[in-house]
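Below is one structure, written out as structure tokens, with a few remarks after it.
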Amino acid sequence: MDVDKHAEELASALGEDKTEVKRDLENLLEYSVPIDEAKQSVRRKYGGGSGGGGATPKSKNIADITTNAGNVTVTGRVLTVGQRSIRYQGDDVTIREGELADETGVISYTAWQDFGFEPGDTVTVGNAGVREWDGEPELNMGESSTVALESEPLDVPYDVGGDRDLIDLEVGDRGRNVEARVVEVEERVIDGRDGETTILSGVLADDTARLPFTDWDPTPAVEEGADLRFEDVYVREFRGVPTVNLTEFTAVSPADVDVADEAPEVTIGDAVDSGGMYDVAVVGNVIEVRDGSGLIERCPECGRLVQNGQCRSHGDVDPEDDLRVKAILDDGTATVTAVLDRDITEDVYGGTLEDALDAAREAMSRDVVADDIREALVGREFRVRGHLSIDDYGANLDAAEFDPTDEDPATRAADVLAEVRR
């Protein structure tokens, strides 16, 4: 796209400086605004609109806004407001982001300047760009947008404010507030956008769930065992699970927090629909032990699976033996692959890695170990606790606990038959 040509035509028609017009045009294009809509927006800014193309964008209900909407005007209640610093075109820019709602729905927004609104305010946003973010429309408020505070509050069927329990946080949340205990924390040095940067990472817990967190601007109060309230955090995905992110704009204060020892127990279907959970428990029957279970070989450099002495990253290596199980669990709502590490696999197998290697040598086949594990697991019901991640290959639950249920399968089957016969 020849932005210079479009900018020159606009500047000539409007009688404005080409450099300024080009900058405004490029800003809109950065928001994924289509070129024709961007040009109309620039015309409106400089008072050069004409005919239907220069009219104020028609007011829309939030439910009717799509990723193809161009520029819109919308009246809504501000649900949340968060702040974050991002690197934009080489500069550090503070943006404001959150959610806006009307009677028909909720939409996220990004404001590239401070328009002065707070949670609970009812505002009319004019000439807001619309872009796609995570497959959904998002409002973008820039220099050509207007925000007017309405005197009458809009009644909406949504909670105003960002307070959430950990279990209710979702990837993409911005401007959220949580109260949680720091159950794990460590200091790390990473290669950040300005070179080596010290951050904190660990695990937060409340009475509903546990989630990993990252503090990008370490706060002294964030120490193991501390009960804290965090105001203005955002949530993104890391390794398939939601992660709470603290920034320089996050306010940290003391709180009184209850923490549950047990993970929330949900159906496999609900767990999978969540998109990923850091600490969750499910109950299901093992219907299959997948290939790649039993005795396996790993790369000594990266720990990846080795096949025929070849690592995908390091080529020809001298592999190390390991034990693993990938068991498919089904509870009638969905399936998930429970991945068991060496310690749990040794418990399931009833022997150590050395015992498994001896059995493989005696049988002259490594498959004998996987066969014994299948016999021990398939058809039985287990309760599995661990970290659930979803990727292109399906749902995987990295097990921290893997225990048979106490209920006898025959007794449960008899109870089900009795219920059916009523």
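Because only heavy atoms are used, hydrogens play no part in the values below, and waters and symmetry mates are left out as well, while side chains stay in. Numbers here simply count residues along the sequence, with the first being 1.
Checked by atom type, the side-chain pair Arg304/Ser313 shows a donor-acceptor distance below 3.5 Å. Between the side chains of Asn71 and Asn127, at least one donor-acceptor pair of N or O atoms lies under 3.5 Å.
The shortest distance between side-chain heavy atoms of Pro137 and Thr66 does not fall below 4.5 Å. Counting heavy atoms from C-beta on, the side chains of Gln113 and Arg96 never come closer than 4.5 Å. Side-chain contact between Asp4 and Lys22 is present, with heavy atoms from C-beta onward closer than 4.5 Å.
A salt bridge between Glu231 and Arg229 is present, with a side-chain N of the basic residue lying under 4.0 Å from a carboxylate O of the acidic one. Between Arg181 and Asp256 no salt bridge is recorded (no basic side-chain N to carboxylate O distance below 4.0 Å). In summary, Arg174 and Glu138 engage in a salt bridge, as defined by a charged side-chain N under 4.0 Å from a carboxylate O. Look at Arg23 and Glu26 and you find no salt bridge, because none of the NZ, NE, NH1 or NH2 atoms lies under 4.0 Å from a carboxylate O. Comment: Glu170 does not engage Arg176 in a salt bridge, judged by the lack of any side-chain N to carboxylate O separation of less than 4.0 angstrom.
Distance alone, capped at 3.5 Å, is enough to place a donor-acceptor pair between the Thr333 side chain and the Gly269 backbone.
Between Phe249 and Tyr234, the distance separating the two ring centers is not shorter than 6.0 angstrom.
Nearest heavy-atom pair, Arg77 versus Gly120, reported as atom, atom and distance to 0.1 Å: NE-O, 2.6 Å. The two residues Gly332 and Asp330 have their closest heavy-atom pair at N-OD1, 2.7 Å. Contact between Leu169 and Leu211 at its shortest, heavy atoms only, is CD1-CD1, 4.0 Å.
Atom CG of Asn308 is surrounded by 12 or fewer heavy atoms from other residues, nucleotides or ligands within 6.0 Å. Within a 6.0 Å sphere centred on CZ of Arg361, heavy atoms belonging to other residues, nucleotides or ligands number more than 12.
Looking at residues two or more places apart in sequence or on another chain, you find a salt bridge (Lys or Arg N to Asp or Glu O under 4.0 Å) between Glu265 and Arg383. For Asp322, the salt bridge (Lys or Arg N to Asp or Glu O under 4.0 Å) criterion is met by Arg298, Arg342, not counting sequence neighbours.
Taking the six-membered ring where the residue is Trp, Phe117 and Tyr109 present perpendicular rings, their angle passing 60° and hence far from 30°.
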